[in-house]
Structures are given as C-alpha cells and as structure tokens.
Amino acid sequence: MIAAAVVYVPVILRLRGPGGVPRVGRVWGIGLVAGACSFAAYAFVVWAMTQAPIALVAAVRETSILVAVLIGWLAFGKGLDRQKLAAALLIVAGVGLTRI
C-alpha cells in the first residue's frame, strides 16, 4: 500500500497539479477511514487463508462483488438488470461449487 502511494501521489500531482490534493479535512478523514478499512480487509483475508483452504477463501472473497452490487442498487439507485443478476448467480454458484 505504501508503494502504491509512492507511485500514485506523484502521478496525481503531475496530472492535476497541487489542485489534485484535497485540502478539506472531511475528505482526508474519509480517505483515512477508507484506507484503514482496506488494510483491515486485506489483513482479514490473509488471516482467513491461514485458517481455511486458499481456494475457498478466494471464492468467498469474490462475494464482495455481490455486496457492491447490492449497495449500488439500494443506496445509489443503480439498476439491477439481467446481466448483473446473471453475474451474481454465477458467483453464488461458483462459491457453492467449492463446497462439493
């Protein structure tokens, strides 16, 4: 994550100049919370891989896409069309197949 920051910050500064860095404290706070959640999720997955087969953890991890679709549908009013529903069912079927 530190390596990504070392790469992304200079690129953003080069593309957008100093205006690319938000100066509002609320934006920084949200960013810090999001970064902490991202780190915690990564740590949780690494821990889970020590407790269960890696393939199973990887398959269950893909269900985060379902959560994102659900959030988009409920919180942001994004449509739930046939393609998204089919993709969601494929993910559920894939996770189910890991238990056979």
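Hydrogens, waters and symmetry mates are skipped; everything else that's a heavy atom, side chains included, is used.
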Participant: Which donor-acceptor pairs under 3.5 Å do the side chains of residues 60-67 make with protein atoms, sequence neighbours left out?
Facilitator:
unit_1	atom_1	unit_2	atom_2	d
Thr63	OG1	Val60	O	2.4
Ser64	OG	Arg61	O	3.0

Participant: Who pairs with Val9 by side-chain contact (heavy atoms from CB on, under 4.5 Å), at least two apart in sequence or on another chain?
Facilitator: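 Val9: side-chain contact (heavy atoms from CB on, under 4.5 Å) contacts with Leu13.
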Participant: Side-chain donor-acceptor pairs under 3.5 Å in residues 38-58, sequence neighbours left out?
Facilitator:
unit_1	atom_1	unit_2	atom_2	d
Thr50	OG1	Trp47	O	2.5

Participant: May I have the list of side-chain donor-acceptor pairs in residues 77-96 shorter than 3.5 Å, sequence neighbours left out?
Facilitator:
unit_1	atom_1	unit_2	atom_2	d
Asp81	OD1	Gln83	N	3.4
Asp81	OD1	Lys84	N	3.0
Lys84	NZ	Gly79	O	2.9

Participant: On a heavy-atom basis, which atom in Pro10 and which in Ala5 lie closest, and how many Å separate them?
Facilitator: CD-O, 4.0 Å
Participant: Who pairs with Leu70 by side-chain contact (heavy atoms from CB on, under 4.5 Å), at least two apart in sequence or on another chain?
Facilitator: Trp73, Leu74
